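Please read the structure below before turning to the comments.
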Amino acid sequence: MFILLLLVLLIFIITLFYAIFKVIKWTSKEKIRIKWAISIFTILILAFVVKRVFFTKMEFIQSNVYANLYIVENVEKDNSKVKKAILNKIKEHLKTEHKAKNKLSYSNKTDCIYFYEDGGMTFGFIGEAGTSHFIDHEEDLGGFVTEELGMYQKFRIAEFYFKLPEKKENSICGELNLFKEGDFIKADTICNLEIIR
């Protein structure tokens, strides 16, 4: 079955390259076609750049399996913007029913909210599914292929460990650990959802 799939993929790729070759050959026969092709290609590149720069926003996707896990798409380059967005998401998360029914394999008894960048997907027969896999799927710790969030440490952005006091439900204290490409950057203590330096 796998060989048949590879064969179909190979035929598709060869057909695609042949079609591209024919279009380029047809376009290059007349100057007006070349001008139109360059114009269309330039407009497409400009549209892609404008969309990427002005219309692509950072987005938090909450896992349907793990209520305390967020996959972040289109992460900003500026760490201060990322941190501010994460703090806003933490405030929003804590205002909802935030008890996690399912626990991640490496999590401990402390309540925690995890933030991971969308990524890590590889292709192939025995590839990794990436962090977006955990939006709809539980960790798979056994069997032929293992998928656990701990495999994607370089996509870790932040972890917020918190404790809910029994007396004041609105007073939440915790520690926000920030990461860059999986490496620890710094920790901030947060009480009453305000940063204490």
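None of these values were measured; they are calculated from a predicted model. Worth knowing before you read on, the calculation uses all heavy atoms, side chains too, and leaves out hydrogens, waters and symmetry mates.
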Do K89 and F115 pass the side chain to side chain contact (heavy atoms under 4.5 Å, CB included) test, and can you show the C-alpha distance, the side-chain angles, and the key distance before you say yes or no?
CA-CA 10 Å; K89 185 51 73 175; F115 296 90; 3.8 Å; yes

With a 3.5 Å distance limit and no angle check, can you tell me whether E139 reaches the backbone of L149 through a side-chain donor-acceptor pair?
yes

So which heavy atom on A187 is nearest to which on N177, and how close?
CB-OD1, 3.3 Å

CD of E159 to CG of L69: how many Å apart, nearest 0.5 Å?
10.5 Å

Which heavy atom of F134 sits nearest a heavy atom of E148, and at what distance?
CZ-C, 3.4 Å

Side chain to side chain contact (heavy atoms under 4.5 Å, CB included) for Q153 and F179? Distances and angles first, verdict last.
CA-CA 9 Å; Q153 292 299 311; F179 302 88; over 6 Å; no

According to the interplanar angle, ranging from 0 to 90°, do the rings of H133 and H137 count as parallel (below 30°), tilted (30 to 60°) or perpendicular (above 60°)?
parallel

Apply side chain to side chain contact (heavy atoms under 4.5 Å, CB included) to the pair Y70 and E59, showing each step before the final yes or no.
CA-CA 10 Å; Y70 289 89; E59 182 180 359; over 6 Å; no

Side chain to side chain contact (heavy atoms under 4.5 Å, CB included) between V72 and F60, intermediate numbers included
CA-CA 5 Å; V72 185; F60 291 86; 3.6 Å; yes

Just verifying a value: how many Å separate D118 CG and I61 CD1, rounded to the nearest 0.5 Å?
6.5 Å

How many angstroms lie between CD in Q62 and CG in N68, if you round to the nearest 0.5 Å?
8.5 Å

Measuring from I32:CD1 to E30:CD, what's the distance to the nearest 0.5 Å?
8.5 Å

Same cluster (ILVMFWY, side-chain, under 4.5 Å), I24 and L16
yes

So which atom in Y161 and which in C112 form the shortest heavy-atom distance, rounded to 0.1 Å?
CE2-SG, 3.5 Å

In one Ile/Leu/Val/Met/Phe/Trp/Tyr side-chain cluster, 4.5 Å: M58, L176:
yes

Rounded to the nearest 0.5 Å, how far apart are CG of L87 and NZ of K91?
6.5 Å

Once rounded to the nearest 0.5 Å, what's the spacing between atom CZ of F155 and atom OG of S132?
10.0 Å

Would you say the ring centers of F160 and H93 fall short of 6.0 Å from each other?
no

State, yes or no, whether a side-chain contact exists between L178 and N79 at a heavy-atom distance under 4.5 Å.
no

Identify the two heavy atoms, one from V23 and one from T27, that lie closest to each other, and give their separation to 0.1 Å.
O-OG1, 2.7 Å

Taking CD in E181 as the centre, count heavy atoms belonging to other residues, nucleotides or ligands within less than 6.0 Å. Is the count above 12?
no

Name the residue from I45, L44, I38 that meets the side-chain contact (heavy atoms from CB on, under 4.5 Å) definition with T42.
I38

Between E117 and I71 the two heavy atoms that sit nearest each other are C-CG2, 4.4 Å

Please check this pair: side chain of Y152 against backbone of G130, looking for a donor-acceptor N/O pair closer than 3.5 Å.
yes

Which atom names give the shortest non-hydrogen contact between K25 and S28, and what distance separates them?
O-OG, 3.0 Å

Linking I/L/V/M/F/W/Y whenever any side-chain heavy atoms sit under 4.5 Å apart, do F55 and V49 land together?
yes

Just checking I3: does its CD1 atom have more than 12 heavy atoms from other residues, nucleotides or ligands closer to it than 6.0 angstrom?
no

